Amino acid sequence: MTPTALDLAHDAMAAEPENEAMALRFYGLLAASELVLVLEDEPKGEVVVPLLMETEDGPVALAFDGEARFAEFIEAPTPCLTLSGRKVAALLAGQGVLLGVNLGVSNSAALLPADAMDWLCGMALQPVDLEDRRPTRVFQPTDLPLDLLQALDARLALMAGVGTGAYLSGVEYADGSVAHLLAILDVPEAAQPDMAHAVAEALAFSGLEAGALDVTFLEAGSEAAQRLRAASLRFDIPALPEPKGRVVAAPGSDPDRPPILR
């Protein structure tokens, strides 16, 4: 079977176990990837119960980065659900459950410790309220690493149909503090926490601290959005593709270091 992007990221991390950037890249791709999670039973409304395997290390949930790999491992009819890695982590966080990724079907199979799920879920940004912290000056963003810009572009592109775009600007607030501000446009309130998590992941997996970027949510036609637009980098968010009948949920240890694989 042709190696997947997750395979290649795992191999690169394994080849340089001391290289934190490689680990961050793997976890970033895992969070953004669609995973087929094995379930104990068919979902009942919002209730999703993963199938758990008892091991010496503790209970293990199983997920695969593709339906073909799921089918290769699970030969009998078995309920499953396709979710982003971020959503899988949210289901398992705080329960002491490990995550087995591609076990038995790939040379890059990984057993992720329970605290990795907590670590992934712990990434979040508290959106800035521009009514409380109104920028007094807006300017073109500077000194942001290319890795971050690429990570933001990739994360926002995965949120198809959730918003219409984003502006990245430099701002100075009334208290004299200076920051970079990412204004994401036309995001429904219910989807804003997932979007904030996605931006936090882009920061973390670029090796930057969360304080390096503020995030806010605006209507594209608002006065604040138009002001930011004049001095910003623009990120596009694609329109939602036509549905294909699949069940897909929208894109959610040491907090300063990626967890260690077992």
Side-chain angles (χ1 to χ4, degrees), residues 28 31-32 34 46 83-87 90 120-243 248-252:
E34 287 190 355
E46 297 295 320
L83 299 167
S84 70
R86 183 184 307 114
K87 287 291 188 181
L120 285 172
C121 288
M123 295 177 180
L125 289 175
Q126 184 64 36
V128 171
D129 185 347
L130 294 191
E131 291 298 321
D132 294 333
R133 297 198 71 195
R134 186 180 298 275
T136 58
R137 185 168 65 96
V138 178
F139 51 91
Q140 286 286 343
T142 58
D143 302 324
L144 285 172
L146 180 60
D147 283 351
L148 173 60
L149 298 179
Q150 291 175 335
L152 284 173
D153 189 46
R155 287 296 185 284
L156 293 172
L158 289 170
M159 307 294 283
V162 179
T164 59
Y167 299 140
L168 177 60
S169 307
V171 295
E172 181 176 352
Y173 296 115
D175 62 4
S177 61
V178 176
H180 289 98
L181 176 67
L182 182 71
I184 312 177
L185 309 176
D186 302 322
V187 179
E189 185 175 353
Q192 290 177 10
D194 273 341
M195 188 70 87
H197 271 279
V199 174
E201 288 171 2
L203 282 169
F205 299 136
S206 299
L208 298 180
E209 297 296 331
L213 186 70
D214 289 339
V215 63
T216 192
F217 296 97
L218 300 173
E219 296 296 322
S222 66
E223 180 181 346
Q226 295 307 309
R227 186 182 179 202
L228 293 172
R229 179 183 180 183
S232 70
L233 295 177
R234 164 85 188 198
F235 293 89
D236 292 324
I237 298 176
L240 192 66
E242 290 296 323
V248 180

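In this text the structure is predicted, and so the values were computed from the model without any measurement.
- Contact detail for Ala157 and Pro238: the closest heavy-atom pair is O-CG, 3.4 Å.
- Judged as a side chain to side chain donor-acceptor pair (under 3.5 Å), and not counting sequence neighbours, the contacts of Asp186 are Thr164.
- Screening Asp132, Thr136, Asp214 for a side chain to side chain donor-acceptor pair (under 3.5 Å) involving Tyr173 leaves a single residue, Asp214.
- Side-chain contact between Leu182 and Met195 is absent, with no heavy atoms from C-beta onward closer than 4.5 Å.
- For the atom pair Gln150 CD and Arg155 CZ, the distance stands at 12.0 Å (nearest 0.5 Å).
- Shown here for Ala225 and Tyr167, the closest heavy-atom pair between the two residues is O-CE1, 3.5 Å.
- Looking at residues two or more places apart in sequence or on another chain, you find no salt bridge (Lys or Arg N to Asp or Glu O under 4.0 Å) involving Asp143.
- Considering Leu168, Leu218, Val162, Ile237 as possible partners of Ile184, the one that fulfils the side-chain contact (heavy atoms from CB on, under 4.5 Å) test is Ile237.
- Interatomic distance, OG1 of Thr216 versus CD of Gln192, reported as 8.5 Å (0.5 Å rounding).
- A donor-acceptor pair under 3.5 Å links the side-chain atoms of Gln226 to the main chain of Ala220, judged by distance alone.
- For the residue pair Ser232 and Pro141, the shortest heavy atom distance occurs at CA-CD, 4.3 Å.
- Summarising the geometry, atom CZ belonging to Arg227 is positioned 9.5 Å from atom CG belonging to Leu130; distances are rounded to the nearest 0.5 Å.
- When all heavy atoms are compared, the tightest approach of Arg234 to Leu185 is NH1-CD1, 4.0 Å.
- Of all non-hydrogen atoms in Phe235 and Leu149, the two that sit nearest each other are CE2-O, 3.7 Å.
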Discussion item. Show, in sequence, the C-alpha distance, side-chain angles and deciding distance for Arg133 and Ser177, and conclude whether the side-chain hydrogen bond (donor to acceptor under 3.5 Å, both in side chains) test is met.
Written reply: CA-CA 10 Å; Arg133 297 198 71 195; Ser177 61; 2.8 Å; yes

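- Leu228 contributes atom CG, which lies 8.0 Å from atom OG of Ser222 (distance to the nearest 0.5 angstrom).
- Expressed to the nearest 0.5 Å, how far OG of Ser84 lies from CD of Glu34 amounts to 8.5 Å.
- Qualifying side chain to side chain donor-acceptor pair (under 3.5 Å) partners for Glu131, counting only residues two or more places apart in sequence or in other chains: Arg134.
- Rounding to the nearest 0.5 Å places NE2 of His197 at 8.5 Å from NZ of Lys87.
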